[in-house]
Amino acid sequence: MAGHSDSSSSEKKSSEAMNDVLVFSAENMQNNTKVIYYSRTFMSIIGGVIAGILGFTGFMGFVFYFLVMAITSIGLIAKAKFSVHSYFDSWNRIILDGFMGGLMSFVLFWTFAYDIVHIF
Amino acid sequence: MAEDLVLDTAIRDWVLIPLSVVMVLIGILRYFVSKLMRSSQVPDPKIVKEGQVIVRARNLRAAANFIPPKSFLSRRVYFSNEENGLLFVPKGQTQNAQAQMFSDPNMAMDMMKKNLSMIIPQTLTFAWVNFFFSGFVAAKIPFPLTQRFRSMLQNGIDLSTVDVSYVSSRSWYFLNLFGLRGLFSLILGEENATDDTQRMMQMSGFGFDPSKSLGAEKDGLDIVQHEWALPKFEHRAEAVLKKLIR
């Protein structure tokens, strides 16, 4: 988990719940979203290289991608000390954001590593 | 899979890696060039004023519940007053501002420059790839695709019995094009010129900004219902201070 905490070390509290009104600090929220995006991209690249080296093909590779994304989500949630609502505005952000963008990078590095190791 | 082709190591050395390296370098080059070529626009004071008024109105709308009802109402009247309210723009004027924005030569030039700096490297690289690296199998993608992709991915290879997973270098180029976006965002920081869709949305947003959004802001402000969210703040302050003293 050291890798996760390094890249998301600058998450900031973005909301204070006063009675029933939630106030969001837009700048902090943007920073948190950026952190999530960077973490996901990084993890999908690493995951792609790992999948290629291990020789996953077809369906197994995509299952591995989902696994890597799930681990990233869990890492981010753990870093936010399980109180997601004080750092983000909704669950969807921390779980689903950056999913598709990471997929393309994953496929690229997966193809690259797979070819280098297995075909050539 | 029918057979397992064994590909020459030279392909890996001289096709895959150089192509990726070239694309990364071109991306970095484009980033720096666009940074250098960014002409500083002298902002029109009228437009800046309108923009600031919009920001103020937006803040008022967002934080409406934290100020007492009377002050919110007085602020709202200041903005949407029929005669001299800041957000009220008569119909004739709105058309003008829009037309001016579009015929402004500076804006058009900037948009052209940015679009061009995006399209030209892509076109050149694509032509280069097609010229040098066509006619052989370049890579194998690790997942199977249907037969319909064959014509798209295997354009230089004329054998129809080869598995669709074995692709030509053109598809390696496209794979790189999409996949390196993530890498660029990591190494170049926030601002990178490789995300076309984002920039196009930005560009089209600017043209309409001042004139239409004034009316939109006014409507939004009129809709807001004020709910005094801090009715008990005196009690809460007392509780917090008491805790501190203890």
Side-chain angles (χ1 to χ4, degrees), chain A residues 7 16-26 30-31 33-65 98-120, chain B residues 1 4-17 19-20 23 58-59 62-66 137-145 165-167 171-187 189-190 195 197-198 227-233 235-237 240:
Chain A
S7 55
E16 315 260 333
M18 305 192 313
N19 300 345
D20 29 306
V21 175
L22 284 181
V23 183
F24 292 113
S25 155
Q30 225 181 13
N31 185 45
T33 313
K34 236 193 290 177
V35 163
I36 295 183
Y37 181 65
Y38 285 160
S39 310
R40 280 198 192 277
T41 311
F42 191 66
M43 284 301 293
S44 57
I45 290 180
I46 302 280
V49 175
I50 294 179
I53 293 179
L54 290 180
F56 289 137
T57 58
F59 196 59
M60 270 302 294
F62 288 111
V63 165
F64 186 70
Y65 177 65
F99 206 74
M100 283 300 130
L103 186 66
M104 293 313 302
S105 304
F106 175 80
V107 168
L108 172 69
F109 282 94
W110 180 25
T111 309
F112 199 47
Y114 183 79
D115 282 349
I116 288 185
V117 171
H118 290 270
I119 306 289
F120 291 115
Chain B
M1 278 185 254
D4 240 1
L5 292 182
V6 174
L7 298 170
D8 198 358
T9 314
I11 300 185
R12 170 188 62 184
D13 289 345
W14 295 101
V15 175
L16 291 194
I17 295 183
L19 193 54
S20 299
M23 289 187 76
R58 219 174 272 169
N59 282 344
N65 295 329
F66 295 113
V137 172
K140 176 179 192 291
I141 49 179
F143 47 91
L145 291 172
S165 301
Y166 292 97
V167 297
S171 47
W172 177 246
Y173 168 73
F174 279 121
L175 199 61
N176 267 2
L177 193 63
F178 292 124
L180 286 177
R181 256 191 264 160
L183 189 69
F184 283 138
S185 73
L186 279 185
I187 59 181
E190 259 311 296
D195 225 352
T197 45
Q198 242 183 27
E227 251 187 52
W228 177 225
L230 306 174
K232 305 203 187 84
F233 67 100
H235 298 278
R236 195 167 169 270
V240 167

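Residue numbers start from 1 in every chain, and the chains themselves are labelled A, B, ... in the order their sequence lines are given, proteins ahead of strands.
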Steps toward side chain to side chain contact (heavy atoms under 4.5 Å, CB included) verdict (A:Leu103, B:Phe178): CA-CA 10 Å; A:Leu103 186 66; B:Phe178 292 124; over 6 Å; no
Point-to-point distance, once rounded to the nearest 0.5 Å, from CG of B:Leu183 to CE of A:Met104: 14.0 Å
CZ-CG distance between B:Phe174 and A:Leu108, expressed to the nearest 0.5 angstrom: 14.0 Å
A:Phe112 versus chain B, the contacting section by heavy-atom distance below 4.5 Å: both
Least distance between heavy atoms, B:Ser185 atom then A:Tyr37 atom: OG-CE2, 3.5 Å
Rounded distance (nearest 0.5 Å) linking atom OG1 of A:Thr111 with atom CG of B:Leu175: 5.0 Å
Flag, side chain of A:Thr41 to backbone of B:Gly182, donor-acceptor distance under 3.5 Å: no
